[in-house]
Each structure stands twice: as structure tokens, then as C-alpha cells.
Amino acid sequence: MIEVERLSKTFAYHTKKEGLLGSIGNLFHRPTLHKQAVSEVSFRIEGGEIVGLLGPNGAGKSTLIKMLSGILYPTSGSARVAGYVPWERALAFRRSIGIVMGQRSQLWPDLPAMDSYLLNQRIYDVEETAFRRVIGELSELLDVRRLLDIQVRRLSLGERIKLDLIGALLHSPRVVFLDEPTIGLDFAAQKSIRGFIRDYCARFGATIVLTSHYSTDIEDLCRRVIVTHHGKLLYDGELARIADRFSFAKIVRFRVRSPAAAVALPFDYALQEKPDGEYWIEARSEHVNEVIRVLLDRLEVEDLRIEHLPLERSIESLYVG
Ligand SMILES: Nc1ncnc2c1ncn2[C@@H]1O[C@H](COP(=O)(O)OP(=O)(O)OP(=O)(O)O)[C@@H](O)[C@H]1O
């Protein structure tokens, strides 16, 4: 459904020194700088998959999504999405994809969402019965029926994102790009959006590419992840295998009755303290027994737990190598 072959994007941009003098100076000399945002990335995504696109800030995720949804031209390389070259922006292509950018609404802020939907209905030529059915079903699923006729700018962030999702799915696209669809939402709203995405994918067999900085979104929805760093592909495979690669390490968490900061730990481990007074140590699995023995021996430990490395830490370890 999505085929990407050595796709690259380099941005050319200018800098400007501060102040008026800087502006005047720029009239005479404006050096052009280049930023390679995506570098020779290749992958394939089959129909019906939900794939997480991960990477630290500036890794090139949004640029990749913008190229695959036809918003940006690549510098080199090729891609096909639902059988089309995205940046040729054929109408049939635009009818095959939907895009939601959590940080930027696609709805007109001064109009109720319904007006934007009606406009999209014309653009994508969605037949009236199908249009009413999809809006009815999706607004019910997301519990936003009563918000369809309110000016978008009067809505909360979570409400607006839910309405954006409906707008992106009105024409029942086969491929959906979701760039931070739960950003800034409270836990309940994040959960309802995740449930909605999962249902939508199961019901319509849609292919979904999702970026999110919330690891719960990724853990809940994606079996496969593609990790980029500095624009390059760093990992493409099962999410569970990233966690497995780091199963050699564990986190030991505990609380104490007397201060623990000065305790000498075996194998030179460092003690970390959280603001709420809990302590934790990241240790290799084979050292955990000895670390616990020392802690129990030297401190008045109240509550001790051993945990797997959180997903964020495992993924972060990929970036740093
Ligand atoms: N129009 C542009 N001109 C110049 N540089 C750009 C432009 N757009 C993006 N970049 C740069 O390209 C790199 C990749 O940006 P991109 O937005 O794709 O990253 P990202 O992985 O989506 O990051 P984040 O997680 O912070 O959203 C960044 O270093 C960014 O500064």
C-alpha cells in the first residue's frame, strides 16, 4: 500500500541576523544553508497495517509524512501510496488518503466543522447518503455529535482534534496519516482517540501511519515501528523486539525511611531520585540481585519493585546507539 524507495528531502533556507542592521545586511548578503531532513529512507507498508513512525525532535517524521501525503516534493527518491505518486496530487490519490496533524487543524476556524465537511464532500465527491452515514457513525463513536454546528475556534483542543479526525475520514480513505493526533490531550481523550483509530482500522482495513511522542499511543496501536534519526532510517521492525533488545536492563525502584543519597552502590551504579522522594537505579539484569542485597543491607527500604525498562528508554537507547 505504501512503497518508499531511497526518499530524501533537503530544505534550502536562509538565516537572518537580529535587528534592523541584520535585515539591511540580508539585502546584500543572504547565505543559503541546507538541511537534509530525510535521507535515503526506504520501506514498505502493507494494506491494513498500523505503523508507528518514531524519532526524536527534528528526526524528519513530519517531513516524511508531508511527502507521502503529497504536501511536499522530495529532493530525490520515489514513493507510491495506494498506487499513486503522492506529489503528483491526482484527485484519485487525494481521495485515497486522509491526514490529521494534531498541531494544525484542517478545519476553517470561523466556521462550524459541518461547513468544512460539506466543502470536503464537494471536493472529494462523496455521495450524500455515504456522507451522512459516515458523519453520523464517526461523530457517535467520538461523542461529538453536539459539536458539529459550533464554530471550530470555540472548541477545546481535544474536541477540535476529534472533529479533524472526522474531516480526514469523511471520504473513507484507504491510507491515513496521523501526525501527533493526541498531542496536548488529557488521558481520557487520548484513550478515546486510540480506541477510535483501532476500530476504524479494523472496520475499514485502512493502513495507518502514526507519529506520536506518547509511548502509550504507540504501544497500544502499533506492532511495527519505523524509527528515524537525523533523517535516516534507524530501525524497521516489531515494537516488541526493541523492548527485547533492552531486556538486559531493569529498573529497581524503592522508597526508604532514612535518606539514601549517600549509599555506595555495587558496580558503580548511580542512584537517581525523583521529586516525590522515590529512588531508582537502572541496572543490568545480572546485577539486580546484588544491587537489591546491598540496598536491603544498608538502608531501611520500605517498598521495592523491579520493572522493565520503559519503552521511551529503550527507543532512546536506539538513538544513542
Ligand atoms: N521548511 C523547512 N526549512 C528548513 N528546515 C526545515 C523545514 N522543515 C523542517 N526543517 C528541518 O528538518 C528537520 C526535520 O524536521 P521535521 O519537522 O520533519 O522533524 P520531526 O521528526 O517531525 O520533529 P518533531 O518530533 O519535533 O515534530 C528539522 O531539523 C527541521 O528543523
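Hydrogens, waters and symmetry mates are skipped; everything else that's a heavy atom, side chains included, is used. Every number for a ligand or one of its atoms is a count from 1 in the order of the listing.
Side chains of Glu128 and Gln121: a donor on one and an acceptor on the other come within 3.5 Å.
Applying the side chain to side chain donor-acceptor pair (under 3.5 Å) test to pairs two or more places apart or on separate chains, those with a residue in residues 136-149 are Glu137-Arg203, Glu140-Arg145.
Residues lining ligand 1 at a heavy-atom distance below 4.0 Å are given as Phe11, Tyr13, Lys35, Ala37, Pro56, Asn57, Gly58, Ala59, Gly60, Lys61, Ser62, Thr63, His213, ordered by chain and residue number.
For Tyr200, the ring pair (Phe, Tyr, Trp, His ring centres under 6.0 Å) partners at least two apart in sequence or on another chain are Phe204. For Tyr279, the ring pair (Phe, Tyr, Trp, His ring centres under 6.0 Å) criterion is met by Phe254, not counting sequence neighbours.
Cluster annotation: Ile2 and Leu178 are assigned to distinct hydrophobic clusters (Ile/Leu/Val/Met/Phe/Trp/Tyr, side-chain heavy-atom contacts under 4.5 Å, transitive).
A cation-pi geometry, defined here as NZ or CZ lying under 6.0 Å from the six-membered ring centre and within 45° of its normal, does not hold between Lys191 and Phe187.
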